Amino acid sequence: MHNQVESFHKDGQEIDLQLAKPLTKVVPAGTVITDSDNRSFVYLFDEGEQYTYVHFKQETWEALKEVLKNKVTLKVMIDDEKVELTNVEEELMMLLDNIYGNSNYGESFVKEVEEAFDFYFQQ
């Protein structure tokens, strides 16, 4: 199943994500991938036999930037319980390192990522 982050709210060191559709019977898989065709980062949730893909479109990358800048945690409601998305910082850093200057992701996606996460690449 595909889902997406519609909005988010920062409260201290935590960001609560609001999704287009509610999540049920899934657990955070601790994996972040990209969907460069749709210009998004994607967090995977394990459903047992398959995954649910939660897309962070460009308008919600600010939440991901907060993870890197301020070490905040991302949380989402699953079956009426607030659950942390695990391993986001490590996975995102690995992806950003792979995306930088790599035209395999598509030149426009690479440019958008490099501009949005310029603070990371300048470290």
Side-chain angles (χ1 to χ4, degrees):
M1 175 175 87
H2 289 270
N3 202 338
Q4 75 179 28
V5 176
E6 292 286 317
S7 63
F8 59 91
H9 173 72
K10 185 176 179 188
D11 185 14
Q13 288 300 107
E14 181 177 297
I15 292 180
D16 295 320
L17 305 172
Q18 287 77 46
L19 306 182
K21 298 174 258 184
L23 293 176
T24 59
K25 298 182 175 106
V26 298
V27 294
T31 302
V32 180
I33 61 174
T34 60
D35 179 351
S36 56
D37 291 338
N38 291 306
R39 293 176 160 67
S40 64
F41 290 93
V42 183
Y43 189 88
L44 277 63
F45 288 86
D46 191 349
E47 288 187 61
E49 297 291 319
Q50 59 187 10
Y51 289 103
T52 290
Y53 303 88
V54 173
H55 294 254
F56 286 81
K57 300 278 188 175
Q58 191 171 10
E59 55 271 11
T60 60
W61 288 0
E62 192 61 39
L64 297 174
K65 289 165 60 173
E66 282 291 316
V67 170
L68 297 175
K69 286 181 177 179
N70 298 313
K71 309 291 187 204
V72 300
T73 58
L74 302 179
K75 295 198 175 182
V76 66
M77 294 298 288
I78 302 174
D79 296 319
D80 298 323
E81 180 182 341
K82 195 183 291 189
V83 178
E84 180 179 343
L85 279 62
T86 56
N87 210 30
V88 174
E89 182 179 10
E90 296 83 2
E91 288 280 306
L92 188 56
M93 288 170 35
M94 183 181 65
L95 273 175
L96 291 174
D97 290 340
N98 284 326
I99 291 169
Y100 188 80
N102 187 344
S103 62
N104 290 332
Y105 287 90
E107 288 183 30
S108 60
F109 182 67
V110 170
K111 183 179 180 198
E112 290 166 0
V113 169
E114 289 175 351
E115 288 174 3
F117 293 90
D118 65 335
F119 70 91
Y120 175 79
F121 298 116
Q122 293 176 10
Q123 296 180 32

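Predicted model only: the values in this text are computed from it and were never measured.
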Kindly write out the residues that satisfy side chain to side chain contact (heavy atoms under 4.5 Å, CB included) with Val110, not counting sequence neighbours, or none if the list is empty. Ile99, Tyr105, Glu114
Same apolar cluster (I L V M F W Y, side chains within < 4.5 Å links), Trp61/Val32: yes
Does atom CG of Asp80 have more than 12 heavy-atom neighbours, drawn from other residues, nucleotides or ligands, at distances under 6.0 Å? no
To the nearest 0.5 Å, tell me how far Lys82 NZ sits from Leu17 CG. 10.5 Å
Whether the Tyr43 and Asn3 side chains hold a donor-acceptor pair (N or O, under 3.5 Å, no angle test) is what I'd like checked. no
Surrounding CD of Glu107 (heavy atoms of other residues, nucleotides or ligands, distance under 6.0 Å), is the total greater than 12? no
Contact between Phe45 and Met1 at the side-chain level, heavy atoms closer than 4.5 Å - yes or no? no
Roughly how far, to the nearest 0.5 Å, is CG of Asn98 from OG1 of Thr34? 9.0 Å
Over 12 foreign heavy atoms within 6.0 Å of CD, Gln123: yes
Using side-chain heavy atoms (C-beta onward) and a distance below 4.5 Å, is Tyr100 in contact with Phe117? no
Restricting to non-hydrogen atoms, name the atom on Lys75 and the atom on Glu84 that form the minimum distance, rounded to 0.1 Å. CG-CA, 3.9 Å
Give the minimum heavy-atom separation between His55 and Val42, together with the two atoms involved. ND1-CG2, 3.5 Å
Taking atom NZ of Lys111 as the centre, does the number of heavy atoms from other residues, nucleotides or ligands within less than 6.0 Å exceed 12? no
Using every non-hydrogen atom in the two residues, find where Glu112 and Gln58 come nearest and quote the distance to one decimal. OE1-OE1, 3.7 Å
If you look at every heavy atom in Lys65 and Phe119, which pair is closest and at what distance? CG-CE2, 3.8 Å
Interatomic distance, Asp16 atom CG to Ser7 atom OG [nearest 0.5 angstrom]: 10.0 Å
Exactly one of Val113, Leu92, Leu96 clears side-chain contact (heavy atoms from CB on, under 4.5 Å) with Tyr120, and that residue is Leu96
Give a yes or no answer on whether the side chain of Asn38 reaches the backbone of Ser40 with a donor-acceptor pair at less than 3.5 Å. no
According to a 4.5 Å side-chain heavy-atom criterion applied to Ile, Leu, Val, Met, Phe, Trp and Tyr, with indirect links allowed, do Leu95 and Met93 form part of one hydrophobic cluster? yes
Nearest non-hydrogen partners of Gly12 and Lys10, listed with the distance: O-CE, 3.1 Å
Roughly how far, to the nearest 0.5 Å, is CD of Glu89 from NZ of Lys71? 3.5 Å
Measure the shortest side-chain to side-chain distance between Val5 and Leu19 over non-hydrogen atoms and say whether it is less than 4.5 angstrom. yes
Would you indicate whether Phe121, at its atom CZ, is surrounded by more than 12 heavy atoms from other residues, nucleotides or ligands within a distance under 6.0 Å? yes
Correct closest heavy-atom pair for Ile78 and Lys25 would be CG2-N, 4.4 Å
If the plane angle is over 60° it's perpendicular, under 30° parallel, otherwise tilted; pick one for Phe41 and Phe109. tilted
Starting from Tyr51, can I reach Val26 by hopping between I/L/V/M/F/W/Y residues whose side chains sit under 4.5 Å apart? no
To the nearest 0.5 Å, what is the distance between OH on Tyr53 and CD1 on Ile33? 6.0 Å
Would you say that Val88 contacts Phe56 through its side chain, given a criterion of any heavy-atom pair below 4.5 Å between the two side chains? no
Point-to-point distance, once rounded to the nearest 0.5 Å, from CG of Leu64 to CG of Leu74: 6.5 Å
